[in-house]
Number of protein chains: 2
Amino acid sequence: MPPKSDLPQGTLDLLILKTVAMGPVHGYAIGQRLQQVSRDVVQVPQGSLYPALHRLETRGYLAADWKLTETGREAKFYHLTRKGRVQLETEAESWKRLAEAVGLILQVPEGAAE
Amino acid sequence: MPPKSDLPQGTLDLLILKTVAMGPVHGYAIGQRLQQVSRDVVQVPQGSLYPALHRLETRGYLAADWKLTETGREAKFYHLTRKGRVQLETEAESWKRLAEAVGLILQVPEGAAE
DNA sequence: TGTAATATGTAGAAGCGCAAAGTATCCAAC
DNA sequence: GTTGGATACTTTGCGCTTCTACATATTACA
């Protein structure tokens, strides 16, 4: 079973915000950490990750500074703004409610079909 | 708490398939049932619902017949095809895995920086 | 007669994720 | 010394889905 990623629209932002909330990180590390914590279920391609980061930065949820990584390389370290922290809480709450709702619907036993 | 709908991409299809699996229903009833079972968390606009139904029908997951409702009105009653039943199981499984993965990520305590 | 609820449908716009490119650095192997 | 892999960031364009808004028709009820 190849681990499919295919994140539903909107979910990526939430996961990124959450990851950044754990401390300043650069984009590449965000992708790795998501994959790691999710046990390989979530695998974010760079073509999804970086545009998402720019999107979040444009909206004022993230801010960034260029710094050196532990390995001595230039990287853009993101951190949450106050606005971003609020957004994270909002989205996390929305996700929770949605997950519960979908759970409820999927739980319904299937009646006699046709 | 205003009940926001805004379903992530792909989720709507899953919910529709699940609802139809419980027995032949027409589009309007699907929307109502989703709203009811999800306790108003899921509210599908008609402009989302009907295109989704056509999409699922085109793909061979749903089939439909015109019948009379209990109230004596013409309505298109959808039922799952065999292919649709398989698809439902696949999507439900994907959702489960994703929900677990997102749960894992959201669970991580903040400030776990290295 | 008018309005609310039922029931289906289309068109246009906007957003998002992804594939596929490209750029550049560091390090180890050969 | 150069090849290759891992790291790190960026951009463009495609395809898909959802939403807003509108259009249409019937039934029920005041």
Side-chain angles (χ1 to χ4, degrees), chain A residues 2-17 19 24-36 41-59 61-62 64-78 91 94-95 98, chain B residues 2-17 19-20 24-36 42-59 61-62 64-78 91 94 98 102:
Chain A
K4 256 179 24 181
S5 48
D6 276 332
L7 284 176
Q9 153 182 33
T11 311
L12 180 58
D13 287 8
L14 168 60
L15 297 184
I16 290 177
L17 287 177
T19 303
V25 269
H26 57 272
Y28 195 84
I30 292 175
Q32 288 194 316
R33 200 177 287 190
L34 283 178
Q35 182 171 345
Q36 183 191 344
V41 174
V42 176
Q43 293 180 24
V44 189
Q46 299 186 334
S48 304
L49 180 61
Y50 291 108
L53 285 172
H54 299 327
R55 209 164 53 225
L56 294 171
E57 197 179 1
T58 300
R59 290 182 188 164
Y61 299 148
L62 297 181
D65 311 286
W66 286 93
K67 289 185 196 169
L68 288 178
T69 65
E70 299 170 1
T71 56
R73 305 185 53 166
E74 289 284 325
K76 213 169 167 184
F77 282 78
Y78 290 92
E91 287 194 23
S94 288
W95 168 266
L98 176 71
Chain B
K4 255 179 25 183
S5 50
D6 276 334
L7 286 176
Q9 151 184 33
T11 311
L12 180 58
D13 288 8
L14 168 59
L15 297 184
I16 290 177
L17 287 177
T19 303
V20 174
V25 269
H26 57 272
Y28 194 84
I30 293 174
Q32 287 194 316
R33 201 178 286 190
L34 283 178
Q35 181 171 346
Q36 181 192 346
V42 176
Q43 293 181 22
V44 189
Q46 301 185 333
S48 304
L49 180 61
Y50 290 107
L53 286 172
H54 299 326
R55 209 163 52 229
L56 294 172
E57 196 178 1
T58 299
R59 290 181 187 164
Y61 299 148
L62 296 183
D65 310 285
W66 286 94
K67 290 183 194 170
L68 287 178
T69 65
E70 299 170 1
T71 56
R73 305 185 53 165
E74 287 286 325
K76 214 169 165 184
F77 282 77
Y78 289 91
E91 288 194 21
S94 289
L98 176 71
V102 174

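Every chain is numbered from 1, with letters handed out A, B, ... down the list of sequences. Everything numeric here is computed off the predicted structure, so don't read it as measured data.
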Asker: OP1, OP2 of C:dA7 versus side-chain N and O of B:Gln32: anything below 4.0 Å?
Answerer: no

Asker: Give, for atom OG1 of B:Thr19 and atom OH of B:Tyr78, the distance between the pair rounded to the nearest 0.5 Å.
Answerer: 13.5 Å

Asker: Between the protein and nucleotides 25-28 of chain D, which nitrogen or oxygen pairs are less than 3.5 angstrom apart?
Answerer:
from, atom 1, to, atom 2, distance (Å)
D:dT26, O2, B:Arg73, NH1, 3.0
D:dT26, O2, B:Arg73, NH2, 2.5

Asker: Does B:Tyr28 reach the side chain of B:Leu49, with side-chain heavy atoms less than 4.5 Å apart?
Answerer: no

Asker: For the residue pair A:Ala64 and A:Glu57, what are the closest heavy atoms and their distance?
Answerer: CB-OE2, 4.0 Å

Asker: Expressed as a whole number of angstroms, how long is the span from B:Gln35:CD to C:dA7:C1'?
Answerer: 16 Å

Asker: Considering only heavy atoms from C-beta outward, does the side chain of B:Ser48 approach that of B:Leu7 to under 4.5 Å?
Answerer: no

Asker: Contact class for B:Leu49 (heavy atom, under 4.0 Å): base, sugar-phosphate, or nothing?
Answerer: nothing

Asker: Does a side-chain heavy-atom distance below 4.5 Å link A:His26 with A:Arg73?
Answerer: no

Asker: Does A:Leu12 reach a base, just sugar-phosphate, or nothing at all? Heavy atoms under 4.0 Å.
Answerer: sugar-phosphate

Asker: Report the distance from atom OH of A:Tyr28 to atom P of D:dG5, rounded to the nearest whole Å.
Answerer: 14 Å

Asker: Is any side-chain heavy atom of A:Glu74 closer than 4.5 Å to a side-chain heavy atom of A:Leu68?
Answerer: yes

Asker: Can you tell me how far P of C:dT8 sits from CG of B:Leu68, to the nearest Å?
Answerer: 12 Å

Asker: For A:Glu91 and A:Gly10, work out which heavy atoms get closest and say how close.
Answerer: OE1-O, 4.0 Å

Asker: For A:Gln46 and C:dA20, give me the distance from atom CD to atom P, rounded to whole Å.
Answerer: 14 Å

Asker: Nearest of C:dT10, C:dT8, D:dT11 to any side-chain atom of A:Pro51?
Answerer: D:dT11

Asker: Is there side-chain contact between B:Ile30 and B:Leu53, with at least one heavy-atom pair below 4.5 Å?
Answerer: yes

Asker: Write down the distance between CG (B:Leu14) and P (D:dC16), rounded to a whole number of angstrom.
Answerer: 20 Å

Asker: Using a 4.5 Å cut-off on heavy atoms from C-beta on, say whether the side chain of A:Asp13 contacts that of A:Arg59.
Answerer: yes

Asker: Check the distance between D:dT7's P and A:Arg33's CZ and give it to me in whole angstrom.
Answerer: 15 Å

Asker: Taking only the side-chain nitrogens and oxygens of A:His54, find out if one of them lies under 4.0 Å from OP1 or OP2 of D:dC9.
Answerer: no

Asker: Report all interatomic pairs (protein N or O, nucleotide N or O of nucleotides 12-15 of chain C) with separations under 3.5 Å.
Answerer:
none

Asker: Just the rounded figure in Å: distance from C1' of D:dC22 to OH of B:Tyr50.
Answerer: 15 Å

Asker: Select base, sugar-phosphate, or nothing to describe what A:Gly47 touches, counting heavy atoms under 4.0 Å on all strands.
Answerer: base

Asker: Let me spell it out: for each of A:Lys76 and B:Thr11, pick the nucleotide of DNA chain D with the closest heavy atom. Which residue's pick is nearer the 5' end?
Answerer: A:Lys76

Asker: Considering only heavy atoms from C-beta outward, does the side chain of A:Val41 approach that of B:Val102 to under 4.5 Å?
Answerer: no

Asker: Relative to the 5' end of DNA chain C, which residue comes earlier, B:Ala75 or A:Ser48, by the nucleotide with the nearest heavy atom?
Answerer: B:Ala75

Asker: Calculate the interatomic distance between B:Leu56 atom CG and D:dT18 atom C1'; express it in whole Å.
Answerer: 14 Å

